[in-house]
S.K.: 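Okay, handing you the structure first.
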Amino acid sequence: MKNIFGWLGHKTLGILQELGSIMLLFLHALSWILRPPFRMRLLFRQMEFIGVNSLFVVVLTSLFTGMVLALQTYYAFRMFGAETLVGATVALSMTRELGPVITGLMVTGRAGSAICAEIGTMRVTEQVDALTVMAINPVQYLVLPRIVAGFIMLPLLTIVSDVMGILGGYLVGVQLLDIHGGMFMNKIYEYVELADVYNGLVKASVFGVILTLVGCYKGFYTRGGAEGVGRSTTQAVVMSCVLILISDYFLTALMF
Amino acid sequence: MDQGRYIVRIQGLTKSFGPHTVLEGLELDLEKDRVNIIIGRSGGGKSVLIKHIIGLLKPDKGSIMVRGQNIVPMSERELAGIRRDFGMLFQEAALFDSLNVAENVAFPLHEHTSKGYKEIDEVVQAKLAAVGLQGMGHKMPAELSGGMRKRVGLARALALDPKIVLFDEPTSGLDPVMAATINDLILRTRKEFGATCIVISHDINATMKIADNIFMLYQGRIIAQGSPGEIQESSDPVVRQFIRGEAAGPIQIN
Ligand SMILES: Nc1ncnc2c1ncn2[C@@H]1O[C@H](COP(=O)(O)OP(=O)(O)OP(=O)(O)O)[C@@H](O)[C@H]1O
Ligand SMILES: [Mg+2]
């Protein structure tokens, strides 16, 4: 019994300590945000890498999420003759919840892991030290552009995700299940408010910061050669996903 | 104590990694405008020592004076100021593998000078030629051999004509002719730019030829120092065994 509590306490302390270190890295990066040199080229390259290159997977996953949502809600709503609400349900779920979360998780898998592997490799091959020796702050050079890119690109990807999800819902609901197209769209306009979309985009920005920050953090503190890079990459993906889902709950509780 | 004579002064430097003590009360004074060569066993802490000189590692104990300033308590920002006078070649070169050879060498120039692209390109070509790599600028680091990577690292370390250059085994893994070329380059760096060179080397013959001062690191301390002549005449059995490369002697293989 005592052992279990001991173990739990130990784990909790470890997690808190790690979150603390992540916050410190975040603050360190932020302290550079208004200080020259501004590395626009690096920022644009990261925006391309995190945003543009994730477009396809976000489009695909969001489309199918919207489609399956329409399918599921259709069977439920048909029981009390509310089929026309399928569109609004899909749109609300996508904008408030699934758009940002799917985008966050997909970009974590695609870009968060790659960020961690890249910075981790730079760490174990002393490239990070080489930057330091050249009097270039590696946090400013490596971490800041990635965090800012995540902050900017995740909302943009989420807009795409929202649209694709609703499109998926439309395809299944209207084309496949014969819901009246005009009614489908009308209900969306009626029930979905701009605030739903905005709040979803705020979430997306937070997720963008989380997944880039965790990727950078795990990469930055990688030890132990190629094996260490593999280990921290796995940890970065798991940790980002967990933090995204947990923060999603609290953001929802706060905003809606 | 002549402050001007020594560019780096280390006192009581102690560093452990976990239970493993690598440097223990090390004392080292490096002369300005000289080729200072540090020799010692593999795994003896030579790389750890020069990483302390440039502030990449913080000592557990001791002080490290660079040009009369103790760098141990310095913040990263203060250290960045000090580091602008340094160039460093890492043991494994540490090239940026997302950049090609020319971009690697150009990197410190873009960061720390206001030179234009054309001017920088001229410097890059000159530095690459000095290490025998002209025309290789477009290659990626992954396409190079170990010795070529090292030479790119050397060109990058010298790009800004630094006042103090740290070379971690500049000639290991090079063929004899190329090694001689690099040794010449080190001597030229000192003569032409008046740079202080701090070199780690396993090549005893070359060390005897190019060094002004030799320091032998053994069991966490500098156990012998002096000119090549003095080191060669040393009566210390450890030094004798080491520079003659004998298997039998006080140095234990464990
Ligand atoms: N970051 C580190 N963490 C833990 N131990 C380290 C670290 N860096 C070096 N060491 C240990 O310190 C000791 C000295 O290493 P160092 O790289 O300085 O040796 P060296 O003299 O440069 O050897 P070589 O001539 O083979 O390059 C080794 O035992 C090494 O395991
Ligand atoms: Mg070494």
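Just so we're clear, the structure is a prediction, and the values are computed from it rather than from any experiment.
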S.K.: For residues A/T132 and B/E76, determine if any side-chain heavy atom of one lies less than 4.5 Å from a side-chain heavy atom of the other.
M.R.: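 Result yes, sub-4.5 Å side-chain heavy-atom pair found.
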S.K.: Quick one: are A/M134 and B/R156 in side-chain contact, heavy atoms under 4.5 Å?
M.R.: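 Counting from C-beta outward, A/M134 and B/R156 do come under 4.5 Å.
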S.K.: Using only heavy-atom distances, determine whether the side chains of A/Q127 and B/D97 contain a donor-acceptor pair under 3.5 Å.
M.R.: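 Judged by distance alone, the side chains do pair up.
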S.K.: Checking the side chain of B/H112 only, and the main-chain atoms of A/I136 only, is there a donor and an acceptor separated by less than 3.5 Å?
M.R.: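 Looks like no, no N/O pair under 3.5 Å.
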S.K.: Tell me if the CZ atom of A/F151 is crowded by more than 12 foreign heavy atoms within 6.0 Å.
M.R.: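 Count not over threshold, so no.
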S.K.: State whether the number of non-hydrogen atoms from other residues, nucleotides or ligands found under 6.0 Å of A/F56 atom CZ is greater than 12.
M.R.: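 Open.
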S.K.: Verify, without hydrogens or angle tests, whether B/E92 (side chain) and A/E126 (backbone) share a donor-acceptor contact under 3.5 angstrom.
M.R.: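 No; zero donor-acceptor contacts below 3.5 Å.
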S.K.: What part of A/R39 gets within 4.5 angstrom of chain B, counting heavy atoms only: side chain, backbone, both, or neither?
M.R.: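 Just the side chain, heavy atoms under 4.5 Å.
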S.K.: Give a yes or no on whether B/R77 atom CZ has more than 12 heavy-atom contacts from other residues, nucleotides or ligands under 6.0 Å away.
M.R.: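 Counting other residues, nucleotides and ligands, CZ of B/R77 stays at 12 neighbours or fewer.
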S.K.: Measure distances from B/L95 to the heavy atoms of chain A and classify the residue's part below 4.5 Å as side chain, backbone, both or neither.
M.R.: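 The backbone, not the side chain.
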S.K.: For atom OH of A/Y198, decide whether the heavy atoms of other residues, nucleotides or ligands shown that lie under 6.0 angstrom number more than 12.
M.R.: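 For A/Y198, atom OH is not crowded (no more than 12 foreign heavy atoms under 6.0 Å).
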S.K.: For A/A130 versus B/A94, what's the shortest heavy-atom pair and its separation?
M.R.: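 In this case the closest contact between A/A130 and B/A94 is CB-O, 3.9 Å.
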S.K.: Would you indicate whether the side-chain heavy atoms of B/F96 and A/T125 approach each other to under 4.5 Å?
M.R.: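 Side-chain contact under 4.5 Å: no.
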S.K.: Within a radius of less than 6.0 Å around NZ of B/K58, do more than 12 heavy atoms belonging to other residues, nucleotides or ligands occur?
M.R.: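 Yes - once you tally the heavy atoms of other residues, nucleotides and ligands closer than 6.0 Å, there are more than 12.
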S.K.: Within the supplied structure, the quantity of interest is the number of heavy atoms (other residues, nucleotides, ligands) at a distance under 6.0 Å from A/Q17 CD; does it exceed 12?
M.R.: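 Not more than 12 within 6.0 Å, no.
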S.K.: Kindly compute the distance separating CG (B/L79) from CG (A/N137), expressed to the nearest 0.5 Å.
M.R.: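 The distance works out to 11.5 Å.
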S.K.: Heavy atoms only, distances under 4.5 angstrom: which of B/A80, B/S98, B/G81 has the most pairs with chain A? Name it, please.
M.R.: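 So the answer, after comparing B/A80, B/S98, B/G81, is B/A80.
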S.K.: Tell me, yes or no, whether the heavy-atom count around A/L254 atom CG, taken from other residues, nucleotides or ligands under 6.0 Å, exceeds 12.
M.R.: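 Yes, enclosed.
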S.K.: If you count heavy-atom pairs under 4.5 Å with chain B, which of A/T121, A/D129, A/V128 comes out on top?
M.R.: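 When all of A/T121, A/D129, A/V128 are compared, A/D129 has the most.
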